[in-house]
Participant: 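Below is the structure I would like to discuss, written out as structure tokens.
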Number of protein chains: 2
Amino acid sequence: MIGKLIEGLRATGRRLTRTRRAVLRVLEGNQYPLSASELYERLQKEKVSIDLVTVYRTLTVLKELGFVSQLELHHEGQFRYEIRQGRKHHHHIRCQGCGRIVDLLLCPLKKLTSLIEKETQFVVNEHTLEFGGLCPKCQ
Amino acid sequence: MIGKLIEGLRATGRRLTRTRRAVLRVLEGNQYPLSASELYERLQKEKVSIDLVTVYRTLTVLKELGFVSQLELHHEGQFRYEIRQGRKHHHHIRCQGCGRIVDLLLCPLKKLTSLIEKETQFVVNEHTLEFGGLCPKCQ
DNA sequence: TGATAACTGCAAAGAATTTGCAATAATACT
DNA sequence: AGTATTATTGCAAATTCTTTGCAGTTATCA
Ligand SMILES: [Mn+2]
Ligand SMILES: [Mn+2]
Ligand SMILES: [Zn+2]
Ligand SMILES: [Zn+2]
């Protein structure tokens with residue numbers, strides 16, 4: 001991943017820094033999407049000193065390069081970020097009790113998209129689908 | 001609608017006020033969901049003097065009573081509210097150009113919900129589905 | 001090694017929403 | 001109708017997440 005990152009950064013006149021490496025590493029080590037402040041806390045625990053503002057700026061860059069996706073889950077009031085590079089399009093389910101987020105490795109919306117384009121005359125570029133419920137522990 | 005509102009308010013020890021009547025009326029007169037500040041502007045245009053804070057509080061009450069739904073559309077960074085009372089479950093498509101929001105009077109997720117419950121062991125209570133694209137004018 | 005320009009930290013600003021509190025107004029009771 | 005009760009409102013201030021400005025720092029390359 002780090003190779004691709006250097007490549008992407010170079011191509012846009014950017015530099016590989018301690019910060020960018022660290023943020024990408026933490027995201028890679030997590031199986032669920034992290035918010036900026038969660039990421040910040042993880043970094044602090046690992047004794048990597050990076051300002052929260054820099055975390056935000058780094059996430060913006062990684063998003064622009066296509067390495068991470070920015071998620072807006074419901075009832076959260078904040079963004080979350082997860083590795084996108086090399087991962088398939090997917091959706092999420094979030095526990096209304098504990099907030100646990102699980103990947104749903106499916107997408108039922110291809111056919112529906114054509115239908116909607118015909119009905120609305122929109123050109124559809126994106127969609128978001130999310131489920132909320134209670135995980136086994138919270139039921 | 002106002003009859004049902006009085007009923008709902010009474011049942012929870014609340015009162016019918018100028019504010020609540022006005023907010024409900026403006027929402028009823030709109031075919032797309034409004035944000036708190038948009039609602040506030042509409043009220044000002046109609047010479048109905050209500051503080052923005054009160055608009056927020058009113059929307060919270062109307063939501064609690066089930067008269068309005070609170071929507072969190074993507075790329076908006078604010079809530080929107082629309083009349084829920086007497087309307088069917090539906091989803092939305094939003095133009096990435098002009099922000100126009102159109103109702104999609106369909107929901108393809110009933111079957112999928114059962115599948116997801118089996119796969120994840122969650123109990124699914126809600127879902128959100130939203131499309132983004134370009135409306136005819138913005139294409 | 002030094003020049004250049006990107007990057008970072010810190011302080012502050014923004015934007016949406018919520019909270020505290022005293023003044024106001026709706027409802028119930030005489 | 002007049003009054004007591006208590007929900008509601010307006011205004012100021014606080015909160016939370018995110019962005020911006022700027023001067024000092026650091027990566028990159030000649
Ligand atoms: Mn995911
Ligand atoms: Mn709608
Ligand atoms: Zn999908
Ligand atoms: Zn649905």
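Values below: every heavy atom of this structure, side chains too, minus hydrogens, waters and symmetry copies. A, B, ... follow the sequence lines: proteins, then strands. Residue 1 opens every chain.
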Participant: For B/I6 and C/dA26, give me the distance from atom CD1 to atom P, rounded to whole Å.
Facilitator: 13 Å
Participant: Measure the distance from CZ on A/R80 to P on D/dC17 and round it to the nearest whole Å.
Facilitator: 11 Å
Participant: Specify the separation, in whole Å, of atom CG of A/L73 and atom P of D/dC17.
Facilitator: 15 Å
Participant: If you look at every strand shown and take non-hydrogen atoms under 4.0 Å, does A/R15 touch a base, only sugar-phosphate, or nothing?
Facilitator: base
Participant: Would you say A/T17 reaches C/dC7's phosphate, i.e. side-chain N/O to OP1/OP2 under 4.0 Å?
Facilitator: no
Participant: Specify the residue among A/R20 and B/L52 whose closest nucleotide of DNA chain C lies further upstream toward the 5′ end.
Facilitator: A/R20
Participant: Taking CZ from A/R21 and C1' from D/dA27, how many angstroms apart are they, rounded to a whole number?
Facilitator: 11 Å
Participant: With no hydrogens and no angle check, is any side-chain donor or acceptor of B/H91 less than 3.5 Å from a backbone partner on B/E130?
Facilitator: no
Participant: Could you check how far CZ of B/F79 sits from P of D/dC17, rounded to whole Å?
Facilitator: 12 Å
Participant: Without decimals, in angstroms, what is the distance between B/H75 NE2 and C/dA15 C1'?
Facilitator: 18 Å
Participant: OP1, OP2 of D/dG10 versus side-chain N and O of B/R18: anything below 4.0 Å?
Facilitator: yes
Participant: Might you point out which heavy atoms bring B/F122 and A/C135 nearest each other, and give the distance in Å?
Facilitator: CZ-CB, 3.5 Å
Participant: Would you say B/Y56 reaches C/dT17's phosphate, i.e. side-chain N/O to OP1/OP2 under 4.0 Å?
Facilitator: yes
Participant: Look at the side chain of A/R57 and the base of D/dG21, then say whether one donor and one acceptor between them are separated by less than 3.5 Å.
Facilitator: yes
Participant: Kindly point out which of D/dA7, C/dT17, C/dG9 is positioned nearest to the side chain of A/I50?
Facilitator: C/dG9
Participant: For the pair made of CD in B/E7 and C1' in C/dT27, what is the distance, rounded to whole Å?
Facilitator: 18 Å
Participant: For B/H92 and B/E82, which I'm curious about, is there any donor-acceptor pair between the side chains at under 3.5 Å?
Facilitator: yes
Participant: Find which nucleotide of DNA chain C each of B/G77 and B/V53 is nearest to by heavy atoms, and output the residue with the more 5' nucleotide.
Facilitator: B/G77
Participant: Between D/dC29, D/dC17, C/dT17, which nucleotide has the shortest distance from any of its atoms to the side chain of A/Q78?
Facilitator: D/dC17
Participant: Heavy atoms from C-beta onward define the side chain here; which of C/dC7, C/dT8, D/dC11 lies closest to that of A/R14?
Facilitator: C/dC7
Participant: Counting C-beta onward and ignoring hydrogens, is there a side-chain heavy-atom pair between B/V23 and B/V68 closer than 4.5 Å?
Facilitator: no
Participant: Rounded to the nearest 0.5 Å, what's the gap from CG on A/L109 to OG1 on A/T128? Could you check?
Facilitator: 9.5 Å
Participant: Out of D/dG10, C/dT27, C/dT17, which has the shortest distance to the side chain of B/L16?
Facilitator: C/dT27
Participant: Mind checking if B/S49 touches a base, just sugar-phosphate, or nothing, with heavy atoms under 4.0 Å?
Facilitator: sugar-phosphate
Participant: What is the distance, rounded to the nearest whole Å, between atom CD of A/E41 and atom P of D/dC17?
Facilitator: 10 Å
Participant: Applying a 4.0 Å non-hydrogen cut-off, can you work out what A/T19 is touching in the nucleic acid: base, sugar-phosphate, or nothing?
Facilitator: sugar-phosphate
Participant: Do you see a donor-acceptor pair shorter than 3.5 Å between the side chains of B/H75 and A/Q70?
Facilitator: no
